[in-house]
Peer 1: 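Provided herewith is a single structure, encoded as structure tokens, for subsequent inquiry.
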Amino acid sequence: MDYKKRMRQLIDEINQHNYNYYILDNPTISDAEYDKLLDELMLLEKQHNFVFDDSPSQRVGAEVLSNFKKEKHIVPLYSLDKRQSKEELQQWVNDVLLDYPNTKFSFEYKFDGLTITILYDKGVFKKAMTRGNGIVGEVVTNQVKTIKSIPLSIPYQNKVIVQGEAIMLKSELVKYNKNNDEQLKNVRNAAAGAIRNLNPQVTKSRNLDMYFYAVPYIEGKVLSSQQDVFNFLEDNKFKVHNFNKIVDNFGEINQLIDEVDNTKEKLDILIDGVVIKINDFKICQELGHTSRFPKFAMAYKFAPQELTSKVLDIKFQVGRTGKITPLAIIEPIFLSGATIQRATLNNYSDIRRKNIKINSYVFVRRSNEVIPEIIGLAKDTPESKDVIMPEICPSCGQKLKQDEIETFCTNYWGCPAQIQKRLVHFCSKDAMNIEGVSDKTVGAFCKNFNIQYPYQLYDLSQEDLIKLDKFKDKKTQNIYNNIQNSKSPTLDKFIYALGIKNIGKKTAKDLASYFKTFDKFQNATFDELMKVEEIAEIIAQGIVEYFEDKQNIEIIRQLFIRGISPQSINKNDSGIFNDLTFVLTGTLKSFTREQAGQEIEKRGGKISSSVSKKTSYVLAGESVGSKYDKAISLGIKILNEQDFINILKKNSFDL
Ligand code: AMP
Ligand code: ZN
């Protein structure tokens, strides 16, 4: 078959599967089958050096921009007028009904994200833009193309501009924060920041989604109502929220508003209100626009989820790094579906700025994705008293140190709260991964054995452990073994376990894969540290300071004396896989994929999930998949399991 014809077939098939998966939520093939189609398509594209505009391969791999191009919108994008109270909204609805008694209204969610328009021509995704000031917007085509639920080609062949809101699901934010050091605070900013990021890979990593609600421009067709718009959007495979309703009086609107207000916290999308639009476009045209708003649509914004409560007390907590954080204990309130009795304040300056006092009433807010916070003072009472910043550490009694914003206990190795939190961190899953050692267990260790430094964990004998409350034979044995068996962590886990300021899981990984041995990491200068991609100045500074501290050095030495030995990435300095990229396919007999991956990484190699011309070797087990075919066609070297075992044994490529 003609290769273009085959490519077209593949694209249509892949796009259909995309639609089934992202819009209909009803996938009809497995991920592996899907990958196979995609691999075949990408291979053809490479072989023939030809790519269709709407190829799914165009969702990724776009270049990082140096700035966004600004362009004029073909039709200006208006903002929405809003009403804050139901009475005012009712007034607007009734005024409309007075002039147009038979009109119907479209009732929609007001999505809280970033407005995007997309131009399609000849059925192909051509250009995406932000709203900007409504007249001029920024071109964000490659960023928006990474959003998988957006079709790259549509049945409609004439020029058309569709509009909607790019959003991040709340569940995606939670997932993202679990897997990344960077902590996103709310989905709106996360979505806007992702689109307005010059690197489309960043956009892609946030897994955005998009809901469509308007067609600001269309050639060759007349859409005569909002209902028509939704039908058109759906026919062309755009994601339209299934909540949309057509209603005809304020009673219905009123009821729906209450319904949405009561259920909105449970939605996975963030909405900041609802939009009510006149359905019939003839009427809309007659009403026209003010300079900023259409007169035929109205937003109703929900009162933010805020309540007042009384501050009963302010406690000061000591963190792992000695930072003191105030925690407000408040009279319990029920807010956005949960009872709240505590709320955070960032630091003492925050208390001062917001004028918070004990026994005063304060405003507490809980947007779904943020922990409850105190936004400000509501009113004082006669019993109100100033919050006094303690001068000494609530845990160890040492004098606290205040910098411009934060307050610290600097008694790093003598402060019980810090010691305990640091040990909990040291044992945690992503650090030394000592199973069974809970916060409570650490507490018992500190109390009964006076443990201060992590290496002392390794001195605990079974006779010691069995003395602890609730430690029977089996538990004692298990915990003892788990501690003793934790002595060979991977390098990144060991770095993370040390609890150096600002080093999260991901940073630890970046550092480990750059320096490869603990020794090199420990001896790195500030300048060398700054060479690691994504290592910011304060992180590098924190590392340098950490290793300047003699006590830290001594603790590491004591750990090493006890046999703790982080696995260097290229053990025995073999580094035989340095700079090589491996792809694994099929089933191996002597290793799980994860183990094989570790063996490769230990020796300096990298693992990639897909075959490209950058792949150095494909390690193929039994019943290989499409990656194998792709490797063959690209002429990439294949290793079978036995080859691989021989290389590991000999520590060289001489098979
Ligand atoms: P605001 O930014 O508060 O002035 O509200 C106007 C914005 O609401 C528009 O620019 C859209 O980005 C957004 N919006 C969210 N959902 C809708 C919707 N269903 N219909 C129209 N606009 C919407
Ligand atoms: Zn202290």
Side-chain angles (χ1 to χ4, degrees), residues 73 75-84 105-118 128-135 137 162-168 187-189 191-192 195 209-216 226-227 229-230 233 238-246 256 260 264 267 269-279 284 289-294 296-302 304 316-325 390-402 407-422 446 452:
H73 288 290
V75 277
L77 298 176
Y78 290 89
S79 181
L80 282 173
D81 200 358
K82 40 186 145 301
R83 295 291 181 262
Q84 298 286 4
F105 299 89
S106 169
F107 187 93
E108 307 166 17
Y109 283 149
K110 185 165 186 299
F111 303 100
D112 206 2
L114 187 73
T115 312
I116 297 292
T117 61
I118 309 177
M129 288 176 69
T130 63
R131 196 178 92 93
N133 62 7
I135 307 292
V162 292
Q163 181 187 355
E165 204 84 352
I167 57 148
M168 186 178 199
V187 287
R188 204 213 89 84
N189 293 351
I195 299 277
D209 209 330
M210 183 156 175
Y211 282 99
F212 291 85
Y213 50 73
V215 178
Q226 183 62 6
Q227 188 62 56
V229 165
F230 284 130
L233 289 169
F238 292 102
K239 203 164 185 169
V240 171
H241 205 286
N242 59 14
F243 169 81
N244 299 321
K245 311 248 184 307
I246 298 288
L256 281 171
V260 175
K264 66 179 194 294
L267 295 174
I269 49 172
L270 180 70
I271 58 175
D272 62 339
V274 293
V275 188
I276 296 120
K277 302 171 182 170
I278 293 176
N279 186 46
C284 295
H289 295 81
T290 69
S291 62
R292 292 179 50 216
F293 309 122
F296 47 82
M298 192 57 78
Y300 174 78
K301 289 210 181 181
F302 295 116
F316 290 90
Q317 296 183 305
V318 190
R320 173 160 64 81
T321 55
K323 190 166 126 185
I324 310 289
T325 320
E391 290 188 1
I392 58 168
C393 172
S395 176
C396 70
Q398 180 168 300
K399 197 166 178 332
L400 295 175
K401 201 179 131 199
Q402 173 79 44
T407 314
F408 289 94
C409 165
T410 54
N411 185 15
Y412 200 67
W413 291 109
C415 179
Q418 291 186 59
I419 291 171
Q420 193 167 330
K421 285 194 177 130
R422 213 171 297 130
C446 293
Q452 192 176 3

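Whatever order the structure lists ligands and atoms in, that order sets their numbers, starting from 1.
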Peer 1: Less than 4.5 Å apart, side chain to side chain, heavy atoms only: is that true for F316 and T407?
Peer 2: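 Heavy-atom side-chain distance check fails, nothing below 4.5 Å.
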
Peer 1: Please work out whether any backbone atom (N, CA, C, O) or any side-chain heavy atom from C-beta onward of K110 is under 4.0 Å from ligand 1, and answer side chain, backbone, both or neither.
Peer 2: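 The answer is both, backbone and side chain.
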
Peer 1: Quick check on contacts: which atoms of ligand 1 are under 4.0 angstrom from a heavy atom of S79?
Peer 2: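 Result: 4 (O).
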
Peer 1: Quick check on contacts: which atoms of ligand 1 are under 4.0 angstrom from a heavy atom of K301?
Peer 2: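 Once the distances to K301 are compared, the set is 3 (O).
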
Peer 1: What about E165: any of its N or O atoms under 3.5 Å from an N or O on ligand 1?
Peer 2: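 It does: an N or O of E165 is found under 3.5 Å from an N or O of ligand 1.
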
Peer 1: Could you tell me which atoms of ligand 1, counted from 1 in the order shown, lie closer than 4.0 angstrom to a heavy atom of L80?
Peer 2: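 The list of qualifying atoms is 6 (C), 8 (O), 21 (C), 22 (N).
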
Peer 1: Should I271 and D112 count as side-chain neighbours, where that means a heavy-atom distance under 4.5 Å?
Peer 2: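 Sidechains of D112 and I271: no contact.
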
Peer 1: With a 4.5 Å cut-off on side-chain heavy atoms, are V260 and F243 touching?
Peer 2: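 A side-chain contact exists here, since the closest heavy-atom pair is under 4.5 Å.
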
Peer 1: Determine all donor-acceptor pairs shorter than 3.5 Å in which one atom belongs to a side chain in residues 413-421; sequence neighbours excluded.
Peer 2:
from: Q418; atom 1: OE1; to: G322; atom 2: N; distance (Å): 3.4
from: Q418; atom 1: OE1; to: R422; atom 2: NH2; distance (Å): 3.1
from: Q418; atom 1: NE2; to: C409; atom 2: O; distance (Å): 3.1
from: K421; atom 1: NZ; to: V318; atom 2: O; distance (Å): 2.5

Peer 1: Starting at CG of L400, measure out to SG of C393 and round the result to the nearest 0.5 Å.
Peer 2: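 Answer rounded to 0.5 Å: 6.0 Å.
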
Peer 1: At what distance is the nearest protein heavy atom to atom 11 (C) of ligand 1, and which residue and atom is it?
Peer 2: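 Of every protein heavy atom, Y213 OH, 3.1 Å lies nearest to atom 11 (C) of ligand 1.
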
Peer 1: Side-chain contact, heavy-atom cut-off 4.5 Å: Y211 with V240?
Peer 2: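 Heavy-atom side-chain distance check fails, nothing below 4.5 Å.
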
Peer 1: Nearest to atom 10 (O) of ligand 1, what protein heavy atom do you find, and at what distance?
Peer 2: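 That would be T115 OG1, 3.4 Å.
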
Peer 1: Relative to atom 16 (N) of ligand 1, which among F111, F107, Y78 owns the nearest non-hydrogen atom?
Peer 2: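 Considering heavy atoms of F111, F107, Y78, the nearest to atom 16 (N) of ligand 1 sits in F111.
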
Peer 1: In ligand 1, which numbered atoms sit nearer than 4.0 Å to a non-hydrogen atom of K277?
Peer 2: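 So the answer, numbered in order with elements, is 18 (C), 19 (N), 20 (N), 21 (C).
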
Peer 1: Under 2.8 Å from the Zn ion (ligand 2), which protein N, O or S atoms do you find? Ignore water molecules.
Peer 2: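 Hits for the Zn ion (ligand 2) below 2.8 Å: C393 SG, C396 SG, C409 SG, C415 SG.
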
Peer 1: Applying salt bridge (charged side-chain N to carboxylate O under 4.0 Å, His left out), can you list everything that pairs with K82, at least two apart in sequence or on another chain?
Peer 2: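 Applying salt bridge (charged side-chain N to carboxylate O under 4.0 Å, His left out) to K82 gives none.
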
Peer 1: Does V275 have any side-chain contact (heavy atoms from CB on, under 4.5 Å) partners at least two apart in sequence or in another chain, and if so, which?
Peer 2: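 Expected list: L80, K110, K277.
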
Peer 1: Roughly how far, to the nearest 0.5 Å, is the CE atom of M168 from the CD1 atom of I269?
Peer 2: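 So the CD1 of I269 and the CE of M168 are separated by 14.5 Å.
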
Peer 1: Should E165 and M210 count as side-chain neighbours, where that means a heavy-atom distance under 4.5 Å?
Peer 2: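 No; the side chains remain at least 4.5 Å from each other.
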
